[in-house]
Each structure stands twice: as C-alpha cells, then as structure tokens.
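Below you'll find the structure, written out as structure tokens, and then a few comments.
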Amino acid sequence: MKQDPMEDTIIKGWTPTSWKDKPVKQIPEYPDPEILNRKFQQLKGLPPLVTSWEIDALKEKLSRVAQGKSFLLQGGDCAESFDAISSPKIVNMVKVLLQMSFILIHEMGVPVLRLGRIAGQYAKPRSNDFETVDGKEIHNYRGDLINGFKSESEIRMPDPERLIEGYHKAGLTLNFLRALSEEGFADLHHPEQWELDFMRNNEYYKEYEEMVTSITKAVRFVEAISPDTFSNLQKVDFYTSHEALNLYYDSAQTRKVPRKPGFYNLSAHMVWIGNRTRDLDGAHVEYFRGITNPVGIKIGPPYTIDETLKLIEKLNPSHESGKIVLITRFGKDKIEKELPGLIQAVRREGFPVVWSSDPMHGNTFNTDDDFKTRNFDHILDEIRSAFAIHRSEGSYLGAVHLEMTGDNVTECVGGAQGLNEKGLSKNYETFCDPRLNYEQSLEMAFLIAREWKKSYI
Ligand code: PEP
Ligand code: CO
C-alpha cells in the first residue's frame, strides 16, 4: 500500500503546544491565564510572517555551509526594542550586515548567507526573575515581547498583549527588510562610498584600502559589461532569526502548510535555543524537536559533551544536513580547553552540523562604573582561537554569531577607534548586552575574513 506522504509528519507525542506539559524555564507566569489564552488564539489566527519555501531554501543553503562551501553571517541586536523600530535603525542594520557580507565574499570567495537577529528578537533569558528597585521587588525586564523596560512595577508585569504587538512589529520590520533587499541598496555596491577613515590608524589599513579598491573595480566591471546582471545583484537574500524563548509566541505561529510534511515556525526563517533553556527534558527542547526550520543551539558553560550529543540527536534524529547550527560561546579563556573535545565527539557521531562561533556571550564584563561591556580584542581572541582549533581538528568553522548594530553606539570597548571605558556613557543604548557598533562591525568582518583565509585557503 502506498504510504501517506503526511505520515512522516507525525512526531511521536508532539504538537506545537506539547511543550506546555514539560518544565518551563524563562517564561514568566502571566497574571491572567484567560487573557493569555485569548491573545494566544488571536496570534494563531494571524497570517504567517515568512513562508515554508523560504525556510526550506535557507536549510538547503545551510547544508552547503555544513559542507564547507559557503559561510553564514548571523548578527543583530541582543534585544530588539519595539520603540526602536524605525527606518534609520533598520536601514543601518541591513547596511552594515550587507557591507560585512561583501567584505567576507570578496575575501573568502564563497557565498555568504545573511541572517539577522531581527524581526522577532524580543525575548530575553534572565538570571533572576525579580530585581529590587527603591526597596520594592519588581519583575526583571525580559524583553519587549514580555514586559516593559522602565523599572516600574506595572510596566514590568508580563503582558500578553505584547505577543500581538511583537507580531505586528516583526511584520513591519520584515516588510521594510523585504523592500530594502529588493532594490534599496544600489549604492552599497559602491564601496568607495564606505566610510573607512576611522581605520586610518589601524595596522591593517593598507590591506583594507586595497580590498575596497578591488571591490569597487569588480562592481564597475560588472556594471559595464552587463547592467542587467547588476540589477540582479541588487536583490539580496536576507533571512531572519530569533531565540525562540517565549514559546507562546513561537508555537502560535507554528503550523502545517499544504502539501508538505512537518510543522514550520512561520515567525522566522531560523530560530535558536538558548544556553539556559536547552535541558533535555524541558519545554524548549520539546518544542524544538517538532519544527522543520533550521535551528541554532547555543553551547557554553555549563554543559557536557554527552548532553550536547543527546540534544543534537533529539533535534535532528534523521541527521539532516543544514538543520543544526551549533553555536559555541565558551569565552576566550575556556575555548581552548572545551572546543576540541566537542568537535571530535560531534564528528564521531557523524552529525552534519554547521559550526558557528559566538564570541560575544562568553566575554562580557562590568566596568567599575557598572557598564556591561565587551572588549573588541577579547571578541577577536575567541574568533581567532575558534578558527585555529577548527583548523587543527580538520573541521570547518562556517559561521559567526555577533551582537552588533549599524548605529554609532558606544557599548564595546576597543577597536580601531580606540573606545575606552570612559567613553561608554556617550551613546550606550542597548536594552540588554553590549553590541559592536558600525565601525567595529566592519573592522571585525575584515578580521574574520583574514582568519578564515588562514584556515581554509
Ligand atoms: C543571546 O544570544 O542574546 C543569548 C542570551 O545567548 P546565550 O543563550 O548564548 O546566553
Ligand atoms: Co545577548
């Protein structure tokens, strides 16, 4: 008898909401379950933000990254804020990601996938549920999808209306992103217009300048011989991702689509599971094991290799290539000890993962003035070690995961412009972790490309 093509969609005991029967971490209790349920049902009825074809295409492209034929640049805000959804901020974010990707493509000579932490990166894990303000205990800020930033008891109360607001904000962001990637960025193909002066004092300035000249020449050449090709170049692929932390939001948008097996999270192309919610028997792993999207897994202390292997097996039992992006975030001082064993174990099991390095989350510290910051050199140290370790293990580091912005913020110290701790207060805007600013991001792209070339050319 012919097998029903939908049969393989039935994953044992799984539904988009089976996570509710498991221990839940990092999702606060909403004060009124009835209102929560009403908002959840409302969100379930709204149209999808992305399509299953786009998700399948991304997975296919990720599988080329896993094979060492391509590179993935994932980056964006630590926490997007509803109020900061404005034209200049989105334009600046897309612009810096595009410019970084041009640098990487030019230097590496392989296709580069752009994946924003954008259009849904609204929920944050926190160490403590509550904080004390003026002697009063209030909920900690958990991202705009859950509560407000201002430290007032009312505003910090988890509010399910924010699930709907988040959906609308993600939709507006995506709509603009799609318009921009269709045709809004012609001028970016003219790197002579990039503002690279800040790098003038940097030891690599000559190298940067030569690269920009060379990209400019290449663009002119393409424009001259085939204007049509150039207008095609203007269309850029841009994918979206966020941490699927507030499972009410993600599961309400997890659906079946006609004539395809499986369930898709149609709120983003890729979602990742955070370092604090990846317990094998917890709610988040239960949710992630049922979706068809490619998924990221953050791995950092505390973790064990054995647990990590079980997790990969659970989320990708068919060992599908392009499905899992393994994002390591050990910190510059721990990576040498931790990463080699993990690479060897994953290889032993034959898991076809995309290896990614998140050099941000293991390298955060507080200054004497109590600014949460990161040092450009520490970030670079972890990236350098990650490339060196993968190189010596004969494995392919195919991705980086960065917290960054296209704006001129002052949140991370160091870099060519020499930002120091005293300068942090000037333009410190982040709602959560410190991000590389425009100049630091471009500089980082040059340096990532240098490290990649050392390993793989
Ligand atoms: C993040 O990416 O913002 C984050 C919270 O990361 P992690 O889960 O790795 O701590
Ligand atoms: Co962060």
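Treat the numbers as computed from the prediction; the structure is a model and nothing was measured. The analysis underlying the following values was restricted to heavy atoms, covering all of them including side chains, and did not include hydrogens, waters or symmetry mates. In each ligand, atom 1 is the first atom listed, and ligand 1 is the first ligand listed.
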Q.
If you consider just the N/O/S atoms, which atom of Glu403 is the closest one to the Co ion (ligand 2)?
A. OE2
Distance-only criterion, 3.5 Å: show the donor-acceptor pairs between side-chain atoms of residues 104-121 and protein atoms not counting sequence neighbours.
{"residue": "His106", "atom": "NE2", "partner": "Ser214", "partner atom": "OG", "Å": "2.6"}
{"residue": "Glu107", "atom": "OE1", "partner": "Lys453", "partner atom": "NZ", "Å": "2.8"}
{"residue": "Arg114", "atom": "NE", "partner": "Ser101", "partner atom": "OG", "Å": "2.8"}
{"residue": "Arg114", "atom": "NH1", "partner": "Asp237", "partner atom": "O", "Å": "3.1"}
{"residue": "Arg114", "atom": "NH2", "partner": "Ser101", "partner atom": "OG", "Å": "3.4"}
{"residue": "Arg117", "atom": "NE", "partner": "Asp77", "partner atom": "O", "Å": "2.8"}
{"residue": "Arg117", "atom": "NH1", "partner": "His401", "partner atom": "NE2", "Å": "2.7"}
{"residue": "Arg117", "atom": "NH2", "partner": "Cys78", "partner atom": "O", "Å": "3.1"}
{"residue": "Arg117", "atom": "NH2", "partner": "Glu403", "partner atom": "OE2", "Å": "3.0"}
{"residue": "Gln121", "atom": "OE1", "partner": "Glu243", "partner atom": "N", "Å": "2.9"}
{"residue": "Gln121", "atom": "NE2", "partner": "Cys78", "partner atom": "O", "Å": "2.8"}

Q: For Asp56, enumerate each residue passing the side chain to side chain donor-acceptor pair (under 3.5 Å) test, keeping only those at least two apart in sequence or located in another chain.
A: Lys260, Tyr264
Q | Pi-cation contact, Tyr438 with Lys95 (under 6.0 Å, within 45°) | A | yes
Q | Closest Asp433 atom to the Co ion (ligand 2) [N, O or S only] | A | OD2
**Q.** Pair Lys372 + Glu411: basic N to acidic O under 4.0 Å
**A.** no
Q. In His361, what N, O or S atom is nearest to the Co ion (ligand 2), if we give its atom name?
A. NE2
Q. Is the Lys NZ or Arg CZ of Lys20 less than 6.0 Å from the centre of Phe40's six-membered ring, within 45° of the axis?
A. yes
Kindly print each ligand 1 N/O atom paired with any protein N/O atom under 3.5 angstrom away, one pair per line, or none if nothing qualifies.
{"residue": "ligand 1", "atom": "2 (O)", "partner": "Arg117", "partner atom": "NH1", "Å": "2.9"}
{"residue": "ligand 1", "atom": "2 (O)", "partner": "Arg117", "partner atom": "NH2", "Å": "3.4"}
{"residue": "ligand 1", "atom": "2 (O)", "partner": "Lys298", "partner atom": "NZ", "Å": "2.8"}
{"residue": "ligand 1", "atom": "2 (O)", "partner": "His361", "partner atom": "NE2", "Å": "3.4"}
{"residue": "ligand 1", "atom": "3 (O)", "partner": "Arg117", "partner atom": "NH2", "Å": "2.9"}
{"residue": "ligand 1", "atom": "3 (O)", "partner": "Lys124", "partner atom": "NZ", "Å": "2.7"}
{"residue": "ligand 1", "atom": "3 (O)", "partner": "His361", "partner atom": "NE2", "Å": "3.0"}
{"residue": "ligand 1", "atom": "3 (O)", "partner": "Glu403", "partner atom": "OE2", "Å": "3.0"}
{"residue": "ligand 1", "atom": "6 (O)", "partner": "Lys298", "partner atom": "NZ", "Å": "2.9"}
{"residue": "ligand 1", "atom": "8 (O)", "partner": "Asn275", "partner atom": "N", "Å": "2.8"}
{"residue": "ligand 1", "atom": "9 (O)", "partner": "Lys298", "partner atom": "NZ", "Å": "2.9"}
{"residue": "ligand 1", "atom": "9 (O)", "partner": "Arg329", "partner atom": "NE", "Å": "2.7"}
{"residue": "ligand 1", "atom": "10 (O)", "partner": "Arg329", "partner atom": "NH2", "Å": "2.9"}

Q.
The criterion is ring pair (Phe, Tyr, Trp, His ring centres under 6.0 Å); which residues satisfy it with Phe176, sequence neighbours excluded?
A. none
Q) Got a donor-acceptor contact below 3.5 angstrom from the Asn140 side chain to the Asn128 backbone? A) yes
